[in-house]
Amino acid sequence: MFSRIIVKNFKCFKNETVFDFRKTNYKLLKQNTKGKLLKGLLFVGDNASGKTTAIQPVILLLDLLFKDRDIHLFLYQCLFSREDETSLKYEFNIDGHEILYSFSFDRNKFLEETLQMDNQPVIERIGENAKLWLSENNTFHEVDESILFIKKVYFNTKFEDNEILKKWFAFLKQSVCINAYKRTISSYNDESLTLRKYLEKYGVEEINLFFKDNNFKYSVEYALEIEGKGIRYEMSEEEGKTLFFQREDISVPIPLFLESTGNKTLINILPAILHSVQKGGLLVIDEFSSGFHNKLEELIVRYIMNNSTNTQLLLVSHSTNLLSNALLRPDQIYSVEMMGGEGSVLNRFSDEQPRVAQNLEKMYLSGVFGGIPEYETDKE
């Protein structure tokens, strides 16, 4: 799992910025931690403050490692910085072993790349030259400057007999990224988690169990034909099966396309959430508050924290109701604030040392943690 991410000159994060997944001295919500690490972070803040950018170091790493497509690195460099080099450092703890992976780039060329495990070098790369320490030392020349060297190493060696590095890559490869507003899902383990493909492979059992366990007043059915109280739906083989909602107090099945925005969003991202809780890896969700009731947002976050064992959640939301000591620890919450020419900064709630009994939402809205917009109406 992640212990820290450090970026510099990365999009709106002009200065060195640390994303810390290490827990502090708070004793509450032990289910939100695993050992010394936190099982998730939440980012809140004004529009265009850098909240989505806060999760992009993780998405960029996953895309560079597992996606076979061109990635334009220059789009990730800070436009208002005089520095040419962008650097990213990722620190992990895998079964008590410390893994440090870092790389830097200028425009579309990787400049440096290092991988260490327990302070011992595994990869050292400068430009087109690289060294690899696995079963034996190897030196490489004319390394492609547009591709991470570690990607080549992994797909050629699978890290041979190093079980810790294998587990590290397995953790990363199980990761899932969700944009709740667009209802898009990116998975990195070659398994599609789109709703239709999930239903074709697994059916509705896990989804309906989630609904039952959490006291939803409906279930779903995936069928070619269905009827209730004189209404019958029948799809052709070419059209394929359709998902229907069966509400407890309504005997007529309701097709998904007639459901609310919130239910459409929920049912589209729920397979990815269930998968992540069961399989582990990173679960990154942007635009989380897209048509959800406050209580539903809280339910999903609590479900992930309570039921996952090897999952780390990175969440972007405008919903201040999530700022609660009953749901998330103060060290799990960051506000993001744009400081003009200095770029975006992170403010960790725990740095202000709020007491467990204090209302984090009220403190945030009053400006204690920064990252709060100030409009003309606020001055009246």
Side-chain angles (χ1 to χ4, degrees), residues 2-20 43 48-92 99-117 119 121-133 138-156 165 168-169 172 175 177 186 188 282 284 286 314 336-346:
F2 271 117
S3 55
R4 289 199 310 169
I5 301 172
I6 305 170
V7 303
K8 186 177 182 182
N9 203 35
F10 183 84
K11 300 194 77 170
C12 59
F13 290 99
K14 175 182 175 181
N15 300 312
E16 184 172 278
T17 305
V18 179
F19 304 78
D20 205 334
F43 299 95
S49 61
K51 297 187 305 301
T52 294
T53 302
I55 62 175
Q56 287 184 346
V58 171
I59 298 174
L60 176 61
L61 175 64
L62 296 172
D63 285 350
L64 287 170
L65 292 178
F66 303 117
K67 294 294 186 182
D68 291 324
R69 58 180 175 81
D70 291 332
I71 296 172
H72 301 297
L73 293 173
F74 67 90
L75 295 176
Y76 294 89
Q77 297 194 273
C78 183
L79 294 176
F80 46 91
S81 171
R82 293 183 178 181
E83 294 190 28
D84 296 326
E85 182 177 340
T86 294
S87 64
L88 299 99
K89 300 177 183 179
Y90 304 90
E91 298 177 8
F92 299 84
I99 294 175
L100 171 61
Y101 177 64
S102 66
F103 59 83
S104 62
F105 57 85
D106 178 10
R107 296 187 178 274
N108 283 319
K109 289 185 178 181
F110 288 104
L111 304 176
E112 296 184 355
E113 184 180 356
T114 64
L115 173 64
Q116 295 180 355
M117 189 180 82
N119 295 317
V122 179
I123 288 173
E124 288 184 359
R125 179 251 188 96
I126 298 178
E128 296 181 340
N129 302 303
K131 291 183 179 180
L132 172 65
W133 292 265
N138 290 291
T139 301
F140 299 82
H141 303 288
E142 298 183 359
V143 174
D144 190 336
E145 292 180 309
S146 65
I147 299 175
L148 288 175
F149 182 59
I150 195 174
K151 184 173 183 177
K152 177 180 178 180
V153 171
Y154 173 73
F155 285 101
N156 286 339
L165 293 179
W168 171 51
F169 246 63
L172 291 173
S175 300
C177 298
S186 294
Y188 296 89
L282 299 162
V284 184
D286 196 6
L314 284 87
V336 189
E337 192 167 12
M338 171 57 76
M339 306 298 288
E342 289 303 304
S344 295
V345 298
L346 295 180

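Values below: all heavy atoms of this structure, side chains included; hydrogens, waters and symmetry mates excluded. Not measured: the values here are computed from a predicted model.
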State which residues pass ring-ring contact (aromatic ring centres under 6.0 Å, His included) with [X]; sequence neighbours excluded, sorted by chain then number.
X: His141; value: none
X: Phe105; value: none
X: Phe2; value: Phe21, Phe92
X: Phe66; value: Phe169

Which residues pass the side-chain hydrogen bond (donor to acceptor under 3.5 Å, both in side chains) test with [X], not counting sequence neighbours?
X: Glu142; result: none
X: Ser3; result: none
X: Thr52; result: Asp286

Does [X] have any salt bridge (charged side-chain N to carboxylate O under 4.0 Å, His left out) partners at least two apart in sequence or in another chain, and if so, which?
X: Glu83; answer: Lys8
X: Glu337; answer: none
X: Asp68; answer: Lys151
X: Glu113; answer: Arg125

* Asked: In a check of side chain to side chain contact (heavy atoms under 4.5 Å, CB included) between Cys177 and each of Leu314, Val58, Leu62, which one passes?
  ->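 Of Leu314, Val58, Leu62, side chain to side chain contact (heavy atoms under 4.5 Å, CB included) with Cys177 is met by Leu62 alone.
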* Kindly write out the residues that satisfy side-chain contact (heavy atoms from CB on, under 4.5 Å) with Lys11, not counting sequence neighbours, or none if the list is empty. =>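 If we apply the side-chain contact (heavy atoms from CB on, under 4.5 Å) test to Lys11, skipping adjacent residues, the hits are Thr53, Gln56, Tyr76.
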* Please lay out, stage by stage, how Val7 and Phe19 fare under the test side-chain contact (heavy atoms from CB on, under 4.5 Å). => CA-CA 9 Å; Val7 303; Phe19 304 78; 3.8 Å; yes
* To do: Consider only side-chain N and O atoms of Glu85 and Asn9, and report whether a donor and an acceptor are under 3.5 Å apart.
  =>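 No, Asn9 and Glu85 have no side-chain donor paired with an acceptor closer than 3.5 Å.
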